[in-house]
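In the text below, chain A, chain B and the rest are named by the order of the sequence lines, each starting its count at 1.
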Amino acid sequence: MLTNLNNAHTGDLVEVSGMIHNVRVTKWGGFIILRKSRGLLQTVVGDRSQFFNEQGEPVAMSDLCREMAVTITGKVNEATIKDPAAFYNTLEIAVDKVTILSRPSTTEVVDMNSLKFGDEETLLRYKFDNRQVTLRNPRDMAILKVQSTIAKAFADYLTEEGFTQIFTPKIVSEGAEGGANVFKMDYFGKQVYLAQSPQFYKQIGVGVYERVFEIAPAYRAEKHATSRHLNEYISLDVEMGFIKGQEDVMNLEADLLRSIIERVGTVCDHELKLLNATLPVLPANVPMWKLSEVHEILFNEHLTEDHRGEDDLAPEEERAICKYAAEKFGSDFVFVTHFPSQHRAFYAMDDPKDPSLTLSFDLLMRGLEITSGGQRIHREEEYREKMTRRGMNPDNFRFYLDTFKNGMPPHGGFAIGLERITACFLNIANVKEASMFPRDINRVAP
RNA sequence: GGUGCGGUAGUUCAGUUGGUUUAGAAUACCGGCCUGUCACGCCGUAGGUCACGGGUUCGAGUCCCGUCCGCACCGCCA
């Protein structure tokens, strides 16, 4: 069976299998639109076409319906297909034979063809209630194909750069922040948690492999209901040793993203066109401001309310500074650095020039925070001192602190939210649409 | 947790100031037609406990209260 059908096969007799996405009947025959892994393939029914059911008995074309699994043999012809969902848009198959392999048990299959996208917010419920089928919509397929490509490009680039992929536990005894927004669960009578971040383990990984990354779920028990939050999301985590400062981490992330953008541009051309998406612009010098500078710029330029003195960016500011960076510097990305110490996790290294600030950064893209990162503390005593200052009991983190007790290089890292970066690449309003099966406060199925 | 908007055929929506026999349209499904369509088109059939519960009224899809659910925004975060 062919897996790579292209115009080099013009004139050949080929066999292709797929699901019937649509059937258009005319008096002279019609069209069977097959759905393949990357999109649609048009086949043309004519006088010579024959149809067979699962038992090999001849049947009529009118027996065909949507979501049947079929194998079609026929000749490849050149054609111009206008449907943007057609992955094979320069060829079609003149049908000799259609064999039904399997059929749905109802003709009223879930309608995934007439789904709307973009601002049509109210249909999200229907889409997610029937996600197992609505995923077959070519545009949903395209979103997750781009996501898959992002994850692959992430792993490939980092592997090239000497990083080792690690796999860390998601059942943990203590949350990374020691905070309240973790899911609790019973573990043979003992209370444990779902990991909200692989932070501890990826730092441990640096002591082993110098440079590590992980692609894995993270869990947040926050009762938020926004278009940018999930209670289970895929975290693209990076941690690297022997850094001279957090700039090394930021530069690596910029290079990594450049590589991902390039890969998506070449591999997912069809998906980008179908979704009408424009890839983000990442200039050689990404705009970079301290948090306090962002507050000042936005206030002085009269772009937002006065947020000076606040210890984080308001969502309004995230959108405004990104707009500002796009207009003034032609960048879809903005680094924001030096967040106040009390606002960041205990493992963030304080700025020696101003201990009230940390050597930490966020990366914003098109108005949304897609990354948090920074340099970490690498000496045990510093951890103990900072944890005690915060009212945390260092003894609860013994396995973690033992890592530093036994020696660790200066290091830092970051994490990218996979659903967020996918949604930002594709200008999708709600990150849930960039999740195969989103988990939110009211949804754990399908 | 807070604020706002919403819940009407399988789906997406319209439904005027509370009042017209049977609550409409598009789409999907089913039947028929169509010489190349591409969200194909045309004709027809069928499809509804107007989210649920209570209230006001001669009369409620429409007004009021409660509950449940959805979306957006905020706090928070990736």
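Remark: B:U56 base-pairs with no nucleotide; criterion is Watson-Crick or G-U wobble with both hydrogen-bond distances under 3.5 Å. For B:U12, the paired base is B:A25 (Watson-Crick or G-U wobble, both distances below 3.5 Å). Using the Watson-Crick or G-U wobble rule with both distances under 3.5 Å, B:U37 pairs with nothing in any strand shown. Using Watson-Crick or G-U wobble geometry with both donor-acceptor distances under 3.5 Å, B:G1 finds its partner in B:C74. The partner of B:C50 is absent, by the rule that a Watson-Crick or G-U pair needs both atom distances under 3.5 Å. Look at B:U62: it lacks any Watson-Crick or wobble partner with both distances under 3.5 angstrom.
Rounded to whole Å, the P atom of B:A46 lies 25 Å from the corresponding atom of B:A51. Comparing B:G18 with B:U62, their C1' atoms are spaced 6 Å from each other, to the whole Å. A gap of 12 Å separates the P atoms of B:A23 and B:G47, to the nearest Å. Across the P atoms, B:U57 and B:G15 are found 28 Å apart, a figure rounded to whole Å. Atom name C1', nucleotides B:U17 and B:C33: the rounded distance is 45 Å, in whole Å. The separation of B:C69 from B:G53, taken at their C1' atoms, amounts to 15 Å, rounded to a whole angstrom. Comparing B:G24 with B:U45, their P atoms are spaced 13 Å from each other, to the whole Å. Taking atom P in both B:C34 and B:C52, the straight-line distance is 44 Å, to the nearest Å.
Side-chain N/O atoms of A:Arg24 include none lying less than 4.0 angstrom from OP1 or OP2 on B:C38. Taking only side-chain nitrogens and oxygens, A:Asn430 never comes nearer than 4.0 Å to OP1 or OP2 of B:C71. Between A:His343 and B:C77 there is a side-chain N or O to OP1 or OP2 distance below 4.0 Å. For the OP1/OP2 pair of B:C74 and a distance below 4.0 Å, the side-chain nitrogens and oxygens of A:Arg319 include at least one atom meeting the criterion. Distances shown here put a side-chain N or O of A:Asn22 below 4.0 Å from the OP1 or OP2 atom of B:C40.
Electrostatic pairing of A:Arg136 and A:Asp140 does not count as a salt bridge here, judged by no charged N lying under 4.0 Å from a carboxylate O.
Note on A:Glu232: nothing from the nucleic acid sits closer than 4.0 angstrom, heavy atoms only. Contacts of A:Asp362 with the nucleic acid, taken as non-hydrogen atoms under 4.0 Å apart, are absent. Within the 4.0 angstrom heavy-atom criterion, no nucleotide atom of any strand lies near A:Val109. A:Ala225 comes within 4.0 angstrom of a nucleotide base, judged by non-hydrogen atoms across all strands. Among the heavy atoms of the strands, none lies under 4.0 Å from A:Thr106. A:Ile81 comes within 4.0 angstrom of a base, heavy atoms only. Among the heavy atoms of the strands lying under 4.0 Å from A:Thr80 is at least one base atom, whether or not backbone atoms are also near. Looking at heavy-atom distances under 4.0 Å, A:Val44 makes contact with a base.
The separation between A:Gln42 atom CD and B:C38 atom P is 10 Å, rounded to whole Å. If you measure from atom CZ of A:Arg136 to atom C1' of B:A39, you get 19 Å, rounded to the nearest angstrom. Atom P of nucleotide B:C40 and atom NZ of A:Lys82 are separated by 12 Å, given to the nearest angstrom. Spacing between atom CZ of A:Arg125 and atom P of B:A51 amounts to 11 Å, rounded to whole angstrom units. Rounded to whole angstrom, the span from the OH atom of A:Tyr126 across to the P atom of B:U27 amounts to 16 Å. The separation between A:Trp28 atom CH2 and B:U37 atom P is 9 Å, rounded to whole Å. Atom pair A:Ile441:CD1 and B:G1:P shows a separation of 6 Å (rounding to whole Å applied). Between the CG atom of A:Leu274 and the C1' atom of B:C38 there is a distance of 14 Å, rounded to whole Å.
Side-chain contact, A:Tyr400 with A:Tyr347: no donor N or O sits under 3.5 Å from an acceptor N or O. In the model, A:His295 has no side-chain atom that pairs as donor or acceptor with a side-chain atom of A:Glu310 under 3.5 Å. Side-chain polar atoms of A:Gln203 and A:Thr403 form no donor-acceptor pair below 3.5 angstrom.
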Show each protein N/O and nucleotides 3-5 of chain B N/O combination with a separation under 3.5 Å, one pair to a line.
none

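Checking A:Tyr233 against A:Glu316, the closest nucleotide of RNA chain B that is more toward the 5' end is the one next to A:Glu316. Between A:Leu230 and A:Arg443, the residue anchored nearer the 5' end of RNA chain B, judged by the nucleotide with its closest heavy atom, is A:Arg443.
With sequence neighbours excluded, the residues forming a side-chain contact (heavy atoms from CB on, under 4.5 Å) with A:Asp312 are A:Phe339, A:His343, listed by chain and number.
Stacking of the aromatic ring of A:Phe31 onto the base of B:U37 is found: the ring centres lie under 5.5 Å apart and the planes are inclined by under 30°.
Relative to the side chain of A:Glu369, the nucleotides B:A28, B:C71, B:C77 differ in distance, and B:C77 lies closest. The side chain of A:Thr26 lies closest to B:C40 when the candidates are B:C40, B:C73, B:U12. Each of B:U35, B:A39, B:C77 was ranked by its minimum atom distance to the side chain of A:Lys27; first place goes to B:U35.
Tested against A:Glu419 for a side chain to side chain contact (heavy atoms under 4.5 Å, CB included), the candidates A:Ile143, A:Leu230, A:Ile428, A:Asn430 yield a single pass: A:Leu230. Screening A:Thr80, A:Leu41, A:Ile81 for a side chain to side chain contact (heavy atoms under 4.5 Å, CB included) with A:Leu91, the sole residue that qualifies is A:Leu41.
Residue side chain A:Glu92 reaches the base of B:G36 through a donor-acceptor N/O pair under 3.5 Å, judged by distance alone.
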Is there a side-chain contact (heavy atoms from CB on, under 4.5 Å) between A:Tyr233 and A:Arg220 once you walk through the steps?
CA-CA 8 Å; A:Tyr233 69 95; A:Arg220 302 284 165 94; 3.0 Å; yes

Would you please test A:Asp362 and A:Ser372 for side chain to side chain donor-acceptor pair (under 3.5 Å) and show each step?
CA-CA 4 Å; A:Asp362 279 0; A:Ser372 241; 2.8 Å; yes

Mind listing the side-chain donor-acceptor pairs of residues 146-158 of chain A below 3.5 Å, one per line with the distance, residues two or more places apart or on another chain?
| residue | atom | partner | partner atom | Å |
| --- | --- | --- | --- | --- |
| A:Gln147 | NE2 | A:Thr422 | OG1 | 3.4 |
| A:Gln147 | NE2 | A:Ala434 | O | 2.6 |
| A:Thr149 | OG1 | A:Lys145 | O | 2.9 |
| A:Lys152 | NZ | A:Asp156 | OD1 | 3.3 |
| A:Lys152 | NZ | A:Asp156 | OD2 | 2.8 |
| A:Asp156 | OD2 | A:Arg263 | NH1 | 3.2 |
| A:Asp156 | OD2 | A:Arg263 | NH2 | 2.9 |

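In this pair, A:Phe31 and A:Trp28 present their aromatic rings perpendicular. The plane angle is above 60°, beyond the 30 to 60° band.
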